[in-house]
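The chains referred to below are lettered A, B, ... by the order of the sequence lines, with proteins before strands, and numbering in each begins at 1.
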Amino acid sequence: MREEKLTKVLLIIATLLAIFFCLFPFLYMLVISFSKSWDIFSLVKLEFTFKNYTEILKDPGFHCMDYIKNSLIISGISAFISVFVATMGAYAISRFQFPFRFSILLFILASSMFPQISIVGFLFKVMVKLNLINTYPALILPYISWNIPISLWIMTSYLSSIPKDLDKSALLDGCSWFQIFIKIILPVAKPGIISAGLLSFLFSFNEFLFALLLTVDYRARTVPVGIVMFQGLHGELPWGSIMAFTTLSLIPVFLIVIFFQKYIIHGVIRSGLKG
Amino acid sequence: MKVKLENISKTYFSLRGKVKALSEINLEIRDREFLVILGPSGCGKTTLLNLIAGIEKPSSGEIYFGEKLVFSDKKNVFVSPKERNIAMVFQNYALYPHMSVFENIAFPLRIQKMDKNIIKKEVEKVAEMLNIKGLLQARPYELSGGEKQRVAIARALVRKPNLFLLDEPLSNLDAQLRLTARTELKTLQKNLKITTIYVTHDQIEAMSLGERIVVMNKGKIEQIGTPEEVYHKPENLFVAKFIGTTPINFFVVEVKSEQSNIYGYLGELKIEVPEEKLHLVKDQKIGIGIRPEDIKTEVEKEDFILTVKVNIIESLGKEYLLHTTYKNYDIKILTKNKFPEKSLIKAGFSKKNLYFFSPE
């Protein structure tokens, strides 16, 4: 009994440590964003304040809300389109017989292995030619192509795990191929679609390089670039404002993940009971 | 509805090259018949079912539903599964996991865009018939195996199909449930009078359910017949081996001619080969088969008597299965009497229970 208890206690301690390790940066961020001084190691000087938030929200020159809005729209649209395309592609790869299926999959994955920096110069030229610099499509288009390979891989493995008998059964029940996709495969694959969508969304939300080079001002600039632009604005590093802005921009992402998380867990439970 | 298959073949092209899954299948399923397709896994029985359903296209041949041609490679006819009005129950039931039981059963009717009230009435009717009325609001993952199977059958029957296809529907159930489900299935088919094709690898299931049995092996039909015919008159060694709870004893023996008769020599036993079986002799050899249940340990009335050594005894409850040897032949015997291991006993069988096959 005592041994069991000890294991339990140790396990809890280890878990808490791991959680603390992961969450410490966020804690740091929160504390700094609510304090007058940014030196967390001299705790004496810490004083609670809302000043950092009011400051960046009041001054329109900061464009905080613009950046967050841009980020959400760009990430949302690119995640939606890339997962939609990837799901249809994955359906074809997992359900239809055609030559070089696996090679196509590998080829698409390989194409995503180019370092971003190697194509960014060319991408800039293309966007200038298309007159798209500093617009949403300038970021949405490359994000879609960057997100499709990983989404395609996730969706292909997810759709392959759905028994083919479901398709056959729906076919006999009178569905066309498109109806099978819409009425059976899409709802059953919801957990996979949401995981792929979340991953794509987070990638686009965090992306820095393309956003830095293809946007110019608040009309298309995204959060990561916006945060960087805080530096040097007043000739110093305004850590309080930076942390306040980071915290603000994390709120929508946090809410989205919390909201969709239950679908992912639900999916795990459901597939566990199949058979 | 009558179903007729003429010269159906199916070839797959895979990385390994051409694979012939079915070759030259000719089969006629009578109206309202319960036909069982029996064979080991990989013999093409599920492929055959898929071809009848229209999920896959045959490489060549013709399929008729009643008088209507639904597939022909030469005349380029292919009727889609939707228009064939058939229903199928799969081994894993293939219930739609995101729909309730009611939605699952209603799905085929919904696709046909039927009126909501009619759908409700039809679903409730079929649910009543299968005793699953209380489950209509449940989700598939909340159901037990037996319940899932009933839902799958309900979904298949709700459309009033012309042809009912079942692909190993009982193999995921436990032994007890399988027995009751078997009986229920048979009663259901009798009451509804739907032409039914049932695929299984379980010969007991095949014997108990089928009005006729089609025994398949390696993409070919080995024999078509009633359960009694395939049991008592197997046309070849494969059928003889596949049908029967304990596999048939099979010996390859030398034949010698003596006067005008031909005899096979099983050790010291001299077994006369009947004239109509003489064509089976190859290279002075013939195959002889005898079922374990036809070998008796009370030998008074038997034609052939031999002394065997008991090696192992398996208790099957009401009977014992003896693994014995005679000379260098292994012989299995099914008997009600118990014998000590390592003992020598007398065993006998009669002429009428012998089967003759070609030696390989």
Side-chain angles (χ1 to χ4, degrees), chain A residues 87 91 93-106 155 158-195 260 262-275, chain B residues 12-15 46 49-50 52-57 80-99 103-114 139-145 148 151-152 155-159 161-165 167-169 171-172:
Chain A
T87 308
Y91 181 60
I93 288 173
S94 72
R95 291 307 195 262
F96 299 124
Q97 294 286 332
F98 55 88
F100 308 117
R101 282 190 311 165
F102 194 63
S103 318
I104 289 172
L105 212 53
L106 283 180
M155 290 319 297
Y158 200 90
L159 293 192
S160 306
S161 73
I162 298 174
K164 310 269 184 300
D165 282 353
L166 278 188
D167 302 51
K168 288 188 196 168
S169 175
L171 190 68
L172 291 177
D173 283 345
C175 289
S176 63
W177 280 112
F178 190 66
Q179 278 177 317
I180 295 175
F181 181 63
I182 297 293
K183 294 196 184 219
I184 307 294
I185 300 297
L186 276 190
V188 174
K190 207 152 102 193
I193 291 171
I194 287 171
S195 341
F260 284 117
K262 68 170 187 220
Y263 290 100
I264 298 176
I265 293 173
H266 195 58
V268 172
I269 292 169
R270 181 176 279 173
S271 60
L273 284 171
K274 203 174 277 166
Chain B
Y12 287 107
F13 296 94
S14 72
L15 291 175
T46 299
L49 211 58
N50 285 346
I52 296 171
I55 294 169
E56 291 175 68
K57 282 184 192 180
S80 74
K82 193 176 169 175
E83 293 154 84
R84 291 190 190 190
N85 193 23
I86 38 186
M88 191 154 166
V89 174
F90 296 88
Q91 184 175 359
N92 57 9
Y93 317 128
L95 300 180
Y96 309 126
H98 58 294
M99 298 181 190
E103 290 299 320
N104 260 288
I105 302 174
F107 187 74
L109 306 180
R110 287 259 154 89
I111 290 290
Q112 291 173 18
K113 303 214 162 62
M114 270 170 83
R139 296 260 162 177
Y141 60 85
E142 297 168 317
L143 304 180
S144 70
K148 277 185 197 172
V151 176
R155 185 181 61 187
L157 292 178
V158 75
R159 271 179 309 151
N162 291 332
L163 181 61
F164 192 26
L165 307 175
D167 189 0
E168 310 214 6
S171 57
N172 278 0

Item to check | Options A:D167, A:I184, A:L171, ranked by heavy-atom pairs under 4.5 Å with chain B, top entry | outcome: A:I184
Checklist entry - What do you reckon, is CZ of A:F98 surrounded by more than 12 foreign heavy atoms closer than 6.0 Å? => result yes
Next on the checklist: I'd like to know whether CZ of A:F178 has more than 12 heavy-atom contacts from other residues, nucleotides or ligands below 6.0 angstrom.
Outcome noted: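 12 or below, so no.
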Checklist outcome for this item: Nearest heavy-atom contact between B:I111 and A:G174 is CG2-O, 3.2 Å
So what's closer than 4.5 Å to chain A heavy atoms on [X]: side chain, backbone, both or neither?
X: B:L95; answer: backbone
X: B:F107; answer: side chain
X: B:D167; answer: neither

Item to check | Heavy-atom side-chain contact between B:R159 and A:D173 under 4.5 Å | outcome: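 They are in contact (side-chain heavy atoms under 4.5 Å apart), so the answer is yes.
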Checklist entry - B:P97 versus A:L166: any side-chain heavy-atom pair under 4.5 Å? => result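 Answer yes - side chains close enough.
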Item to check | Heavy-atom donor-acceptor pair, B:H98 side chain to A:K183 backbone, under 3.5 Å | outcome: yes
Checklist entry - To the nearest 0.5 Å, how far apart are CD1 in B:I55 and CG in A:L172? => result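 Output value for this atom pair is 4.5 Å.
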Item to check | Which atoms of A:K164 approach chain B - backbone, side chain, both or neither, heavy atom under 4.5 Å | outcome: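 Answer is neither: A:K164 stays 4.5 Å or more from chain B.
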Item to check | Winner by heavy-atom pair count (cut-off under 4.5 Å) against chain A, out of B:R84, B:R155, B:Q112 | outcome: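 Winner by heavy-atom pair count: B:R155.
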